[in-house]
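These notes are about the structure you will find just below.
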Amino acid sequence: MNPITLIIIVLALIVMLFVATFIMYKTYFHNPLGQDEDKFLDTVTNIQYPGTKEWVKDNIANGTFTDVFIDSKIEHGQHAYVASHNGATRTVILVHGYSGCAFQMMPYARPWFEQMGYNIVVIDLPNHGRSEGNVTHMGWKERLILIEWIKKSQELFPDTSIYLHGLSMGAATILMAAGDGLPTYVKGIVSDCSFSSVWDEIKHVSKDKHIPIFPFLYLSNIIAKLYFGWSYTEASVIKQTAKISIPVLFIHGDADLRVPVDQAYNLFKAKATGKKELWITKDAGHACSLILYQDRYIRNIKAFFEE
């Protein structure tokens, strides 16, 4: 093969890699499926948890759920649904997963609100639901907005303890935020099916879609740093979790194909100080633990935080 042909082939491969990376960014970071919350409620949440649609719509109509917006320093126009109990001493902030929206977390919010008597703040992450933004940062930049929501929740419900409950990317967002240090009034975390790092998750997705790890993942990691200002390796949930001292209840399905259960064991091991518990749910797929174990799910949360 002559040198010119070789150079052309190499350049063509580089161009193909850049095109593939660009498509990945557009697919995974710019176009979440949860932007239309009513559609999400109909096609996902209410199918998984029948009756949720009526519960949500009734509570919006009667004013139990109110819209709250913050003008975030990171991404303007962030939205949440908020509901309160007179005399409540605890508030929980619920954070949905990638391509979800606040309505994804309503089946989780309902027992916190109805059975446990907490105030609830159910947020839309940027680029999801009714929040502004056109890029998803897999929890890394979202963790900074979560800090703003924690402070806002304390303003709304002063003198209450605050708890955080996240699902998938929402759980990763919470753990990464907690690694930076949280106000002392934040008392505990429920992390349901978090990934251990953006690198690990993108690597797993790449393998699942038969995309070669080398050089694609390494190249896209460099481009992410240039494009987003952060890299896959920088956005490490496991490193942030190692710095958490407040109680964390980890939940993960052993049949999770999107985020392998090994990542839950790694996160649990990484938390070196403070109370922790790992509940592996048998035969549960990704974000399906509540579906299969609704009663036990709530009992475990109550037992973990109320002991």
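Ring orientation note: the planes of Tyr118 and Trp112 are nearly perpendicular, at an angle over 60° on the 30°/60° scale.
A donor atom on one side chain and an acceptor atom on the other are found under 3.5 Å apart for His76 and Asp71. Between the side chains of Tyr297 and Asp192, at least one donor-acceptor pair of N or O atoms lies under 3.5 Å. Using a 3.5 Å distance cut-off with no hydrogens or angles, the side chains of Asn119 and Ser84 do not pair a donor with an acceptor.
Counting only distance, with no hydrogens or angles, the side chain of His165 and the backbone of Ser191 share no donor-acceptor pair below 3.5 Å. Checking side-chain atoms of Asp124 against main-chain N and O of Cys101 turns up no donor-acceptor pair under 3.5 Å.
In terms of the side-chain contact (heavy atoms from CB on, under 4.5 Å) criterion, residue partners of Ser161 (sequence neighbours excluded) are, by chain and number, Arg90, Tyr163, Lys187. Legend: residues meeting ring pair (Phe, Tyr, Trp, His ring centres under 6.0 Å) with Trp149, ordered by chain and number and at least two apart, are absent. Scored by the salt bridge (charged side-chain N to carboxylate O under 4.0 Å, His left out) test, Asp42 finds Lys53 as partners (sequence neighbours excluded). For the side chain to side chain donor-acceptor pair (under 3.5 Å) test, no residue two or more places apart in sequence or in another chain qualifies with Lys269. By the side chain to side chain donor-acceptor pair (under 3.5 Å) test, Thr233 is found to be paired with Ser231, residues two or more places apart in sequence or in another chain being considered. Scanning for ring pair (Phe, Tyr, Trp, His ring centres under 6.0 Å) contacts around Tyr81 gives His79, Phe103, with sequence neighbours left out. Under the rule for a side-chain contact (heavy atoms from CB on, under 4.5 Å), the partners of Ile246 that lie at least two apart in sequence or sit in another chain are Leu182, Val186, Ile189, Ile244. Not counting sequence neighbours, the partners of Gln263 by the side chain to side chain donor-acceptor pair (under 3.5 Å) test are Ser196.
Met106 contributes atom CE, which lies 14.0 Å from atom OH of Tyr49 (distance to the nearest 0.5 angstrom). Between the OG1 atom in Thr241 and the NZ atom in Lys276 there is a gap of 10.5 Å [rounded to 0.5 Å].
Contacts classified as ring pair (Phe, Tyr, Trp, His ring centres under 6.0 Å) and involving residues 171-199 (residues at least two apart or in different chains) are given here: Trp199-Tyr218. Sorted by first and then second residue, the side-chain hydrogen bond (donor to acceptor under 3.5 Å, both in side chains) pairs involving residues 138-148 (not counting sequence neighbours) are Ser72-Glu148, Arg143-Asp180. Residue pairs that meet the side-chain hydrogen bond (donor to acceptor under 3.5 Å, both in side chains) test with at least one member in residues 100-110, sequence neighbours left out, are Arg110-Glu114.
Remark: Tyr265 OH is loosely packed, at most 12 non-hydrogen atoms of other residues, nucleotides or ligands lying under 6.0 Å away. More than 12 heavy-atom neighbours from other residues, nucleotides or ligands sit within 6.0 angstrom of CD1 on Ile60.
Taking 4.0 Å as the cut-off between side-chain N and carboxylate O, Glu234 and Lys225 count as a salt-bridged pair.
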Ignoring hydrogens and angles, write down the donor-acceptor pairs under 3.5 Å from the side chains of residues 280-292, residues two or more places apart or on other chains.
unit_1: Thr281; atom_1: OG1; unit_2: His252; atom_2: O; d: 3.4
unit_1: Thr281; atom_1: OG1; unit_2: Ser289; atom_2: OG; d: 2.7
unit_1: His286; atom_1: ND1; unit_2: Asp256; atom_2: OD1; d: 3.2
unit_1: His286; atom_1: ND1; unit_2: Asp256; atom_2: OD2; d: 2.8
unit_1: His286; atom_1: NE2; unit_2: Ser168; atom_2: OG; d: 2.9

